[in-house]
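Reviewing the structure listed below.
First listed ligand is number 1; within each ligand, the first listed atom is number 1. None of these values were measured; they are calculated from a predicted model.
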Amino acid sequence: MRSLSSDPALPEILPFENKIWLSSPTMHGDEEKWVDDAIRTNWVSTVGENIRVAEETTAKKVGRKYAVGLSCGTAALHLAIRLCGVKLYGMPKPGHGSLEGKRAFCSDMTFDATVNPVAYEGGEAVFIDTERDTWNMDPEALEKAFELYPDVRLIVVAHLYGTPGKCDELRRIADRHGALIVEDAAESFGATYHGAQTGSFGDVSILSFNGNKIITGSAGGMLLTDSREDADRVRKWSTQSREAAAWYQHEELGYNYRMSNIIAGIVRGQLPHLEEHIAQKKAIYLRYREGLRDLPVAMNPCDAQTEPNFWLSCLLINEDAMCRQVRGDKDALYLSEPGRSCPTEILETLAAYNAEGRPLWKPMHLQPIYRAHPFVTREGEGRGRSNAYIAGTGIDTGADLFARGLCLPSDNKMTAEQQNIVIEIIHRCFA
Ligand SMILES: *Cc1c(COP(=O)(O)O)cnc(C)c1O
């Protein structure tokens with residue numbers, strides 16, 4: 001790492017005494033009250049008032065008829081994808097997935113929890129490249145994918161970093177091809193697209209209350225739907241698929257995925273603070289945008305049609321301001337150059353000052369586990385490319401964003417003074 005204090009004209013920066021986190025939980029007090037309430041009344045299992053209130057409040061907030069509390073967002077995605085698989089292809093035999101031998105179109109730039117449930121259900125994810133306007137699934141590439149794979153009937157889309165994707169266009173394409181949409185709003189709770197909440201666009205949608213999300217239950221997730229029948233079915237699957245009988249009677253495969261009333265107590269205490277967290281995250285985003293505007297960088301996109309929840313503030317370095325950076329599967333090297341920088345240099349420097357950033361989510365088509373899967377760009381069938389990125393080679397959008405982008409410390413407890421130091425550190429990386 002280059003020493004940032006080598007220039008004697010610049011004041012020395014000391015590392016932060018307490019770590020500045022990427023995004024950490026923020027408790028307010030009511031969480032404890034509802035958890036205590038569950039313990040005091042002995043409703044500590046997977047039934048209780050906290051679950052009922054958390055589900056009702058969430059459904060109302062998002063504008064859906066039903067919300068089903070589950071153990072985590074990944075479990076919600078699994079049951080959402082299984083539900084769609086069963087709707088499309090019928091109930092599989094035990095030992096088989098509901099997507100056995102079928103393909104599903106999936107967001108490529110996302111956390112792997114979005115797409116893994118396709119594999120849990122025996123399906124093959126086909127990754128769809130990313131557009132630059134919102135960093136989400138590219139409708140043009142999706143259209144191309146339907147030309148190449150006209151039989152596909154399931155689309156799994158995520159809203160990255162809290163910025164809604166092109167919901168209307170994706171929906172139009174899905175409807176034209178008779179496909180169902182599973183919407184992963186794990187990162188975008190509270191964000192809106194043309195005034196409608198994310199989580200309201202999918203045939204089935206999900207949220208996550210993982211510890212790093214905009215609000216948290218320490219864990220937990222929810223499945224959102226407008227169908228009473230689907231909500232009942234998912235609730236039943238999530239509690240081991242017990243039939244209404246005196247003994248344990250099973251007609252369908254079951255899972256132990258239900259949310260506990262303790263977790264729901266934390267979620268219940270956090271829900272009233274969602275808008276406040278969004279306002280804090282938005283202030284962080286705007287402060288970065290203002291503080292970094294003289295550098296050859298752009299922030300993650302935010303356009304007029306959407307109001308993101310600003311969960312993470314991200315930076316994209318201009319192509320001509322990238323220093324040389326090479327990434328292997330698990331490590332990275334760069335060459336420091338005056339006037340230029342790269343995600344690796346900025347992240348290593350931030351870490352040296354006790355601040356946590358992270359590279360952008362590595363696209364799924366570049367992941368060793370999914371490298372053999374089809375990947376579709378606007379131009380057609382792509383291929384898992386090498387990790388090495390060379391500017392201006394016309395590489396796919398996902399690989400390009402991954403090479404040049406990073407997530408900045410976005411913790412809502414970071415003070416303006418601390419953020420100004422982070423901004424100064426980033427400036428010195430480009431010095
Ligand atoms: C966090 C996250 C999930 C998984 O949620 P968990 O509650 O951690 O299981 C799924 N998709 C995306 C995009 C996420 O960021």
Could you tell me the residue and atom name of the protein heavy atom closest to atom 8 (O) of ligand 1, and the distance to it rounded to 0.1 Å?
N210 ND2, 2.8 Å
Which of D226, L224, L77, L83 passes side-chain contact (heavy atoms from CB on, under 4.5 Å) with V204? Answer is L83
How about W237: does its CH2 atom have over 12 heavy atoms from other parts shown lying under 6.0 Å from it?
yes
Name the closest protein heavy atom to atom 5 (O) of ligand 1, giving the residue it belongs to and the distance to 0.1 Å.
S208 OG, 3.3 Å
Any idea which heavy atoms bring T130 and D138 closest together, and the distance?
C-CB, 3.8 Å
Could you go through the ring pair (Phe, Tyr, Trp, His ring centres under 6.0 Å) check for F105 and F146 one step at a time?
CA-CA 9 Å; F105 295 145; F146 274 112; 4.9 Å; yes
From CA spacing to verdict: side chain to side chain contact (heavy atoms under 4.5 Å, CB included), R268, E31
CA-CA 7 Å; R268 184 180 179 182; E31 300 86 354; over 6 Å; no
Side chain, backbone, both or neither: which part of L77 comes within less than 4.0 Å of ligand 1 when only heavy atoms are counted?
side chain
Pi-cation contact, F189 with K213 (under 6.0 Å, within 45°):
no
Under 3.5 Å, side chain of R82 to main-chain N/O of E121, donor-acceptor pair present?
no
Considering only heavy atoms, which of T74, D184, L70, V156 lies nearest to atom 10 (C) of ligand 1?
D184
Just heavy atoms, cut-off under 4.0 Å: does L160 contact ligand 1 by side chain, backbone, both, or neither?
neither
With a 6.0 Å cut-off (strictly less than), is the heavy-atom count around CZ of R176, excluding the residue itself, greater than 12?
yes
Please verify whether a non-hydrogen atom of K213 lies at under 4.0 Å from ligand 1.
yes
Do ligand 1 and A158 have nitrogen or oxygen atoms that lie under 3.5 Å from each other?
no
Does any N/O atom on T110 come nearer than 3.5 Å to any N/O atom on ligand 1?
no
Contact atoms of ligand 1, heavy-atom distance to A113 under 4.0 Å
3 (C), 4 (C), 10 (C)
Could you find the nearest protein heavy atom to atom 15 (O) of ligand 1 and give me its residue, atom name and distance?
E187 OE2, 2.6 Å
Answer with side chain, backbone, both or neither: which part of A186 has a heavy atom less than 4.0 angstrom from an atom of ligand 1?
side chain
